[in-house]
Amino acid sequence: MNKLLLLGDEAIAQGAIDAGLSGIYAYPGTPSTEITEYVQRSKEARAKNIRSSWSVNEKTAMEAALGMSYAGKRAMVCMKHVGLNVAADPFINSSITGTNGGLIVVSADDPSMHSSQNEQDSRFFGKFAMIPILEPANQQEAYDMVHYGFDISEKYKVPVLLRITTRLAHSRAGVNRKNFREQNNGSLPKDLRQFVLLPAIARKRYKILLDNQQNFDRESNESCFNQYFDGEDKSLGILASGIAYNYLMENYPDGKMLHPVLKICQYPLPKNHVERLAKECEEILVIEEGYPLIEEMLKGFLGYGLKVKGRFDGTVPRAGELNPNIVAVSMGLKDTTGNPVPSIVTTRPPSLCAGCPHIDSVLALNDVIPQYSNGRVFSDIGCYTLSALPPYETINSCVDMGASITMAKGAADAGLIPAIAVIGDSTFTHSGITGLLDAVNDKSPITIFILDNATTAMTGGQKSAATGKIEDICRGVGVAPEHIHVINPLKKHHEENKKIIQEEVAYMGVSVIIPRRECIETQKKKVREKSKSKAV
Amino acid sequence: MKKDIILAGVGGQGIITIAAAIGFAAIEAGLHLKQSEVHGMSQRGGEVSSHLRISDKEIASDLIPFGKADMIISVEPMEALRYLPNLSPEGWVITNTKPFINIPNYPDYEALMSEIKKLHHHVALDADEMAHELKSPRSANIVILGAATPFLDIDILKLENAIRTIFRSKGDNVIETNLKALHAGKEFADREVVA
Ligand SMILES: Cc1ncc(C[n+]2csc(CCOP(=O)(O)OP(=O)(O)O)c2C)c(N)n1
Ligand code: SF4
């Protein structure tokens, strides 16, 4: 059977396997994680020897994928939207070096911030890098666009950005497989200086990228993913991009469109289609998932000329994810709703699991902090971030991966002494080590908790690059061995743990405390897998 | 044929298994399907929901419009009420009555039940208790699925097949108890709907 029921993420993964992928590189991050996990689970991928284990962070992933492309093979790199910030340097520069084997960068945005610090729109990064962007409307397009994206990448020797959002990433639908292709044989770039971005070469490479812009424009105009549908009522023309197109079509139940509709799933914006829409319609409504990127482009700085409605003028809410109702209202249709939520219903925020090792760690810390004053615990991103909420209310920051150590250092520099950092094991190897070196070099009076639950728990329990290496790394970076402590975060050890914490927080230099106990969830998963393998 | 279903519960309660069973049966019946899931942060004991749409025609949106869902299937009573804005006026609520209390300010149970009894069309059952009686406490979600079968328009044989497939790796015993759980839920709902 060639029809599979796949998440958007899985459709991308299957598309890549079928399109001749040789390696996928990624660091976990909702809603992108399931792409790489699918390849890791796939028997087919294993048989084809497709490389798929986790990278330490998005930057190393991006660079390794570029290296695979240099060597002539097809590579994919996947991340959540904020991961692209981490990978921004190699990402932007890869558009200048160009590629050899096909290279697709998948960035999964999270409008409404279901599991993220912000709702930044990766299309801006694609535009910034001046490369083609693909934005599938549905799971089938997600599958098809991988093959197509590799074609475009290899035709123009540029990376291609594939941008998805949470709803598509985590929604299932039937997908037809097609277009099977073998992997590339290895080959070097024709010009061995292509990837040497010395100014003289970089200028030439940049010129090539600029010259290619007209090709990308043409591809967009001719792309089967950008479609113009005529409609009778030209008082309004509707431009819908990516998944927004589905919400629009939900409001045209018989498939007949009253107004002209331009569906956009490939960028740069297809000039011919947009021009036609602007010429033939009195007003344009832009519905796009994410920031008002297209809307801003159509309006221009002063907004003269075209009448454009969208997120800026409030026709569509300025922030947050779209849905069929928001789109209906923006089109002037009647809203629908059921009964209101009874007032007795309360919110149920996420919380640390019962028995989680992080609970014992933050409770011990909560017993020490009041000896100083509150407001000095810098933290990071992971399950332990939930300790910001009641009943713990331990931590005072969560900004970007690795920022706990460096912010604690900066605050200590400003006189907030002692300052404390709380970081997870996976976050530590992702972006904490360099900051630790800064602190060591400055002999900063900070105490760093590296919570070692032996996994990347928040994103579903992926293997952590830190496992078995944390003390060695800290010693290697220069933390004094007598100020590195491993403790067991359990209630019965509370008093002895507290004592160690008190001593190290009082120490006027860098100390590292490593509470080590496995995540309850991964522990359970291991037990389940064991009993399963016994049953078989 | 078109059914728009909201599945509701708390992270870790197994609503994805219900979705998978209905989805499998729908595909076997040759229907179109879209199913949005919740992954990520709220799986840590937070509120989770899934939009499951099945139809004999192409489905446009991954999300069900507000006021248009044909039913809410919930493995937890407070979570059933959270999604009432999604439900159509004719829609059904099929819910577990066993609360999952992991917050300090969980509402008064009697008040909660009286809200559920106010609903025009509802089937409310203690699925945990029923699963317990079947000596399969982890099958409460399948009992709830069973209670939803009278409203699904999908052949019960296809749902049985789906359960066999989903639990295949767990062995025959697990399959049998889950089939029993399915029928226990179905019989409860059949009695309710007639009455
Ligand atoms: C740049 C970036 N990449 C990925 C993520 C997604 N993410 C959030 S928390 C997390 C896992 C953290 O693991 P760890 O530090 O070990 O803490 P745990 O959840 O195990 O407690 C990841 C990958 C992110 N927020 N930002
Ligand atoms: S998943 Fe693991 S680390 Fe996260 S809260 Fe649960 S026990 Fe703690």
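We name chains A, B, ... by the order of the sequence lines, and we start the count at 1 in each one. It should be emphasised that the depicted structure is a prediction, and the values quoted were computed from it without experimental measurement.
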Between [options], which shows the greatest number of heavy-atom pairs under 4.5 Å with chain A?
options	result
B:A19, B:P107, B:P85, B:S50	B:P85
B:N102, B:D108, B:L87	B:N102
B:H32, B:R53, B:K118	B:R53

- [ ] Check whether any side-chain heavy atom of B:I27 lies under 4.5 Å from a side-chain heavy atom of A:K3, and answer yes or no.
- [x] no

Notebook entry, point to check: So do A:I344 and B:L112 actually touch side chain to side chain, heavy atoms under 4.5 Å?
Noted result: yes

Interface check, chain B: of A:A173, A:C383, A:G8, A:P342, most non-hydrogen pairs under 4.5 Å belong to A:P342

Can you measure from [atom1] ([X]) to [atom2] ([Y]) and round to the nearest 0.5 angstrom?
X	Y	atom1	atom2	result
A:T347	B:M78	OG1	CE	8.0 Å
A:R167	B:K34	CZ	NZ	12.5 Å
A:L5	B:Q35	CG	CD	7.5 Å

For [X], does the [atom1] atom sit with more than 12 other heavy atoms under 6.0 Å from it, leaving out its own atoms?
X	atom1	result
B:H120	NE2	no
B:K180	NZ	no
B:N173	CG	no
B:D172	CG	no

So what's closer than 4.5 Å to chain B heavy atoms on [X]: side chain, backbone, both or neither?
X	answer
A:L352	neither
A:I326	neither
A:L322	backbone

- Task: Check the pair A:H114 / B:V38 against side chain to side chain contact (heavy atoms under 4.5 Å, CB included), numbers first and verdict last.
- Result: CA-CA 9 Å; A:H114 297 283; B:V38 172; over 6 Å; no

Using every non-hydrogen atom in the two residues, find where [X] and [Y] come nearest and quote the distance to one decimal.
X	Y	value
B:E47	A:R348	OE1-N, 2.9 Å
B:I103	A:P349	CG2-CD, 4.2 Å
B:R44	A:A457	NH2-O, 2.8 Å

Among residues 57-76 of chain B, residues within the sub-4.5 Å heavy-atom range of chain A, in order of number, are B:A60, B:S61, B:D62, B:L63, B:P65, B:F66, B:G67, B:K68, B:E76

